[in-house]
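Here the structure comes first, spelled out in structure tokens, and everything after it is commentary.
Only a predicted model underlies this, so the values are computations on that prediction, with no experimental measurement involved. For the single chain, residues carry numbers from 1 onward in sequence order. Side chains included, hydrogens not; waters and symmetry mates left out as well; all remaining heavy atoms used.
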Amino acid sequence: MKTASAQATVEAPRHWTDAEVAEHITLAETVEAVRQALVDAHRGRIEQPQRLALGDGRLLVMAARASGAVGDAVVKTVNVSAHAGEVAEGVHGIVLSLDGETGRVTTAEASALTVLRTAALVALATEVLAPPRVHTLAVLGAGRQARGQVAAVALVRRPSTVRIWNRTRERAAAFAEDLAATMPEVHVEVADTADQAVGGADVVCCATASTDALFEASALSPQVHVNAIGAYRPDMHEIPQEAMAVADLVVADDVAACLVESGEIIDAVVSGAVDASRLRSLGEVLIDPPTRRGVTVFKSVGIAAADYAAARLLHRPRS
């Protein structure tokens, strides 16, 4: 039997609420943490098996572990729901972080961490793939993830106009009003159609749970970067196949994962619109950036290495 003094030395797991996560971690430092994690994953320094999806992708379990005898590890379990083709206001679940050296356990609500790591992925993709000067950013979607996309692009580029489209115009208008208040230096407008939103845009961010392509490929500018982060199942699509076919470069957060989970990637490869051998991972592109840019596409289904990077930031001492 343990004595009272021995029991007193056992440290209870630290739990972080979404509000605490948002207060403790900035997007800028998440970007740098995710950058390193993606490079490490590409070089085989982080293990991340194919995630487990149950209930038609409603329940997701993903894990990542640093390679080596004593490796830190992160496991995330989330429930994802969508309404009217839109990503819900954040996923609901738990992130479990294990310190490989001390065995210390830290848990956190999953919503804020997921938004942060997804925004970090988009910031990195935009940094290496988007035109150097971005005048107009088009955002398709108006949920929490869509808001994260604006912050991500604004971190690495300085758009002067943000154009928003959403199936429910009232939500787009509310999003636009919030952005106008928090980013007074940016002109914010609401588009009547998705094609109108992407027309002339330098960067397009898609953050919906759509099963059908959101816009026509012909609406895109000849030099545009598209980030697509909403669709995460084989039956979901945000980008038209024609846009995938004309893209000069298609980059995935993880190629193997997207070949199994991304409807856009799967259909483009099966149809021959995209050669699977030409798909590049974001980690690879960060190491060896492209020298030429035309139409570029970044497809993310969400990977454990990014969750690992964001969750590990919670282990830092608080200031």
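- Counting heavy atoms of neighbouring residues, nucleotides and ligands inside a 6.0 Å radius, atom CD of E177 does not exceed 12 of them.
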- Item | Test side-chain contact (heavy atoms from CB on, under 4.5 Å) applied to S160 and H187, step by step | CA-CA 6 Å; S160 56; H187 172 68; over 6 Å; no
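- Side chains of D195 and T193: no donor on one and acceptor on the other come within 3.5 Å.
- At a threshold of 4.0 Å, the pair R104-D99 does not count as salt-bridged, since none of the basic side-chain nitrogens sits closer than that to a carboxylate oxygen.
- Between R65 and D72, none of the side-chain N atoms (NZ, or NE/NH1/NH2) sits under 4.0 Å from a carboxylate O, so this pair counts as no salt bridge.
- Considering all non-hydrogen atoms of both residues, V153 and C205 come closest at CG2-SG, 3.8 Å.
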TODO: Verify side-chain contact (heavy atoms from CB on, under 4.5 Å) between I164 and L179, making sure each step is shown before the conclusion.
DONE: CA-CA 10 Å; I164 302 167; L179 278 182; 3.7 Å; yes
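- Remark: the Q241 side chain and the S271 side chain contain an N/O donor-acceptor pair separated by less than 3.5 Å.
- With respect to the salt-bridge test (charged N to carboxylate O, under 4.0 angstrom), the residues R233 and E261 do not qualify.
- How far CD1 of I287 is from NE2 of H42: 4.5 Å, rounded to the nearest 0.5 Å.
- Looking at K299, its side chain does come within 3.5 Å of a backbone N or O of A231 through a donor-acceptor pair.
- You'll find the side chain of R51 stays beyond 4.5 Å of the side chain of V61, heavy atoms only.
- I239 and V204 fall within the same hydrophobic cluster, where Ile, Leu, Val, Met, Phe, Trp and Tyr residues are linked whenever their side-chain heavy atoms come under 4.5 Å apart, directly or through other members.
- Placement of V162 and V203 within a single hydrophobic cluster is found when ILVMFWY residues are connected by side-chain heavy-atom separations under 4.5 Å, directly or transitively.
- In summary, D192 and R169 engage in a salt bridge, as defined by a charged side-chain N under 4.0 Å from a carboxylate O.
- Rounded to the nearest 0.5 angstrom, T30 OG1 and L113 CG are separated by 8.0 Å.
- Considering CE of M244 and OG of S262, their distance stands at 6.5 Å, rounded to 0.5 Å.
- L52 CG to L54 CG: the interatomic distance, rounded to the nearest 0.5 Å, is 4.0 Å.
- One N or O on the side chain of S281 and one on the backbone of E284 form a donor-acceptor pair closer than 3.5 Å.
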### Message
Between R43 and V39, does the side-chain contact (heavy atoms from CB on, under 4.5 Å) criterion hold? Intermediate values first, please.
### Response
CA-CA 6 Å; R43 291 175 171 164; V39 170; 3.6 Å; yes
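- Proximity of a side-chain donor or acceptor of S300 to a complementary backbone N or O of I229 within less than 3.5 Å is not detected.
- Across every non-hydrogen atom of A119 and A152, the tightest pair is O-CB, 3.1 Å.
- Linking Ile, Leu, Val, Met, Phe, Trp and Tyr whenever their side-chain heavy atoms come within less than 4.5 Å puts L249 and L124 in one cluster.
- Taking 4.5 Å as the limit, every side-chain heavy atom of I265 sits out of range of all side-chain heavy atoms of V274.
- Looking at N166, its side chain never comes within 3.5 Å of a backbone N or O of R171 through a donor-acceptor pair.
- Remark: R14 qualifies as a cation-pi partner of W16 under the 6.0 Å distance and 45° angle criteria applied to the six-membered ring.
- At least one side-chain heavy atom of L220 sits under 4.5 Å from a side-chain heavy atom of V226.
- Side-chain atoms of D18 come within 3.5 Å of backbone N or O of A112 as a donor-acceptor pair.
- No path of Ile, Leu, Val, Met, Phe, Trp and Tyr side chains, each step under 4.5 Å between heavy atoms, connects V250 with V301, placing them in separate hydrophobic clusters.
- One finds the OG1 atom of T168 at 14.0 Å from the CZ atom of F175 (value rounded to the nearest 0.5 Å).
- In terms of heavy atoms, A63 sits closest to A304 at O-CB, 3.2 Å.
- A donor-acceptor contact shorter than 3.5 Å links the side chain of D202 to the backbone of H135.
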For L286 and R35, what are the C-alpha separation, side-chain angles and deciding distance, and is it a side-chain contact (heavy atoms from CB on, under 4.5 Å)? CA-CA 8 Å; L286 290 171; R35 185 196 304 274; 4.1 Å; yes
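- Between R312 atom CZ and S97 atom OG the span is 4.5 Å, to the nearest 0.5 Å.
- No donor-acceptor pair closer than 3.5 Å links the side chain of E109 to the backbone N or O of T17.
- For the pair I46 and S67, the minimum side-chain heavy-atom distance is 4.5 Å or more.
- Among all heavy-atom pairs drawn from A125 and N227, the shortest one is CB-OD1, 3.8 Å.
- For the pair D253 and F298, the minimum side-chain heavy-atom distance is below 4.5 Å.
- Here the closest non-hydrogen pair linking F215 and P240 is O-CG, 3.2 Å.
- Not a single donor-acceptor pair under 3.5 Å links the side chain of E32 to the backbone N or O of E29.
- Side-chain atoms of R157 come within 3.5 Å of backbone N or O of A130 as a donor-acceptor pair.
- Inter-residue side-chain proximity for I25 and L116 is flagged as met; some heavy-atom pair is nearer than 4.5 Å.
- In the displayed structure, E216 atom CD is contacted under 6.0 Å by at most 12 heavy atoms of other residues, nucleotides or ligands.
- Annotation for A146 and V139: closest pair CB-CG1, 3.9 Å, computed over non-hydrogen atoms.
- Within the 4.5 Å cutoff, the side chain of V198 has no heavy atoms near those of the R163 side chain.
- A donor-acceptor pair under 3.5 Å is formed between the side chain of E238 and the backbone N or O of T208.
- Under the 4.5 Å side-chain criterion, counting only non-hydrogen atoms from C-beta, V295 is not in contact with Q223.
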